[in-house]
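Accompanying notes for the structure given below.
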Amino acid sequence: MKIFYFLIFIASISFSQNQIKHSDIIGEWEIKIKVKQLLKEEIKELDMFEKMAAELASGFAEDILNSADMYIEFKRNDIAVLTFDFLDYQEAEEIKWKLIDDEILIDDSLNKKINLGSENNVWVLENGMIYLKEKNKILNKSIFLRRTP
């Protein structure tokens, strides 16, 4: 019977090590968006002229996103601050977040200026990065958060 309890104890330790804790999330994370990779998936069914327009717009969007600094600072008490800094324009907005079953729910519904996850605000920590989880349960590797040093 002692062996059984010992095995249960070891199993519970190994499963608990895989769970995400608030301390794994707390801190500043840079928002990264791979525009061309996102666009590649979205334009598959467009005609030639629509693809050309989308490609042109993606180059412009990519230039803007590459020169903008976007961060989320996760704080205690399930509060986060989203900061957008582009040239002389800077804005910081407070949003809420929660850790639910190893998934991060970022709730920007209180702030109508922000739509961080396009109504899908579930994010997952994997290999030191936080990825947007699509409604089809697949991680979107084109939109991610990377911890700042």
Side-chain angles (χ1 to χ4, degrees), residues 10-149:
I10 296 298
S12 68
I13 288 174
S14 65
F15 284 120
S16 68
Q17 289 175 347
N18 294 333
Q19 289 192 347
I20 300 171
K21 301 177 291 279
H22 269 76
S23 60
D24 296 331
I25 307 300
I26 300 293
E28 187 174 73
W29 295 76
E30 181 180 19
I31 301 170
K32 298 304 274 178
I33 302 170
K34 295 181 179 176
V35 177
K36 290 195 188 248
Q37 194 172 350
L38 272 174
L39 186 64
K40 191 176 178 182
E41 293 298 317
E42 298 298 323
I43 66 171
K44 286 180 180 175
E45 297 178 19
L46 299 179
D47 66 33
M48 183 181 75
F49 291 117
E50 291 172 327
K51 284 182 181 179
M52 284 177 22
E55 293 274 341
L56 218 80
S58 76
F60 181 66
E62 188 173 41
D63 288 344
I64 290 173
L65 288 174
N66 284 340
S67 57
D69 293 322
M70 299 178 291
Y71 298 95
I72 294 181
E73 183 180 356
F74 292 98
K75 299 180 177 188
R76 301 198 187 286
N77 301 333
D78 297 337
I79 298 292
V81 176
L82 176 68
T83 303
F84 180 81
D85 191 1
F86 179 67
L87 300 175
D88 290 336
Y89 177 79
Q90 183 178 28
E91 186 161 353
E93 299 289 336
E94 192 172 278
I95 56 178
K96 295 197 177 286
W97 71 282
K98 256 184 198 176
L99 193 57
I100 302 173
D101 297 329
D102 288 337
E103 295 180 335
I104 305 156
L105 176 68
I106 298 176
D107 183 8
D108 56 9
S109 63
L110 298 176
N111 191 330
K112 300 301 178 197
K113 292 182 185 177
I114 305 169
N115 194 359
L116 191 59
S118 298
E119 297 180 9
N120 183 26
N121 300 327
V122 177
W123 298 72
V124 176
L125 178 65
E126 183 178 281
N127 298 325
M129 308 280 259
I130 298 177
Y131 296 100
L132 178 66
K133 186 175 184 181
E134 298 287 350
K135 290 184 180 183
N136 60 5
K137 308 289 184 203
I138 295 174
L139 295 184
N140 186 335
K141 301 276 179 147
S142 299
I143 303 172
F144 59 93
L145 308 178
R146 179 176 54 200
R147 189 178 288 279
T148 59

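- Note that CG of Leu132 and CD1 of Ile138 are 12.0 Å apart. Values are rounded to the nearest 0.5 Å.
- Distance check: Asn121 CG to Ile104 CD1 gives 12.0 Å after rounding to the nearest 0.5 Å.
- When every heavy atom of Gly128 is checked against every heavy atom of Trp29, the shortest pair comes out as O-CZ3, 3.6 Å.
- If you take CD1 on Ile20 and CG on Leu125, they are separated by 4.5 Å, rounding to the nearest 0.5 Å.
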Run the side chain to side chain contact (heavy atoms under 4.5 Å, CB included) test on Lys141 and Glu126 for me, step by step, so that the C-alpha distance in whole Å, both residues' side-chain angles and the decisive distance to 0.1 Å come before the verdict.
CA-CA 11 Å; Lys141 301 276 179 147; Glu126 183 178 281; 3.0 Å; yes

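- Between Lys96 and Asp78, the closest side-chain pair of non-hydrogen atoms is not below 4.5 Å.
- Counting only heavy atoms from C-beta outward, the side chains of Ile106 and Ile72 approach each other to under 4.5 Å.
- Taking both residues in full, the closest heavy atoms of Val124 and Glu103 are given as CG2-CG, 4.2 Å, listed atom of the first, atom of the second, then distance.
- Put simply, CD1 on Ile26 and CZ on Arg147 are 9.0 Å apart, with the number rounded to the nearest 0.5 Å.
- A distance of 4.0 Å separates CD in Glu28 from OG1 in Thr148, rounded to the nearest 0.5 Å.
- Taking CD1 of Ile130 as the reference point, atom CZ of Phe144 lies at 11.5 Å (rounded to 0.5 Å).
- A side chain to side chain contact (heavy atoms under 4.5 Å, CB included) with Phe74 is found for one member of Leu145, Ile79, Val81 and no other, namely Leu145.
- The minimum heavy-atom distance linking Leu99 with Lys21 is given by the pair CD2-C, 3.7 Å.
- In this structure, Glu94 does not pair ionically with Lys75, as no charged nitrogen and carboxylate oxygen lie closer than 4.0 Å.
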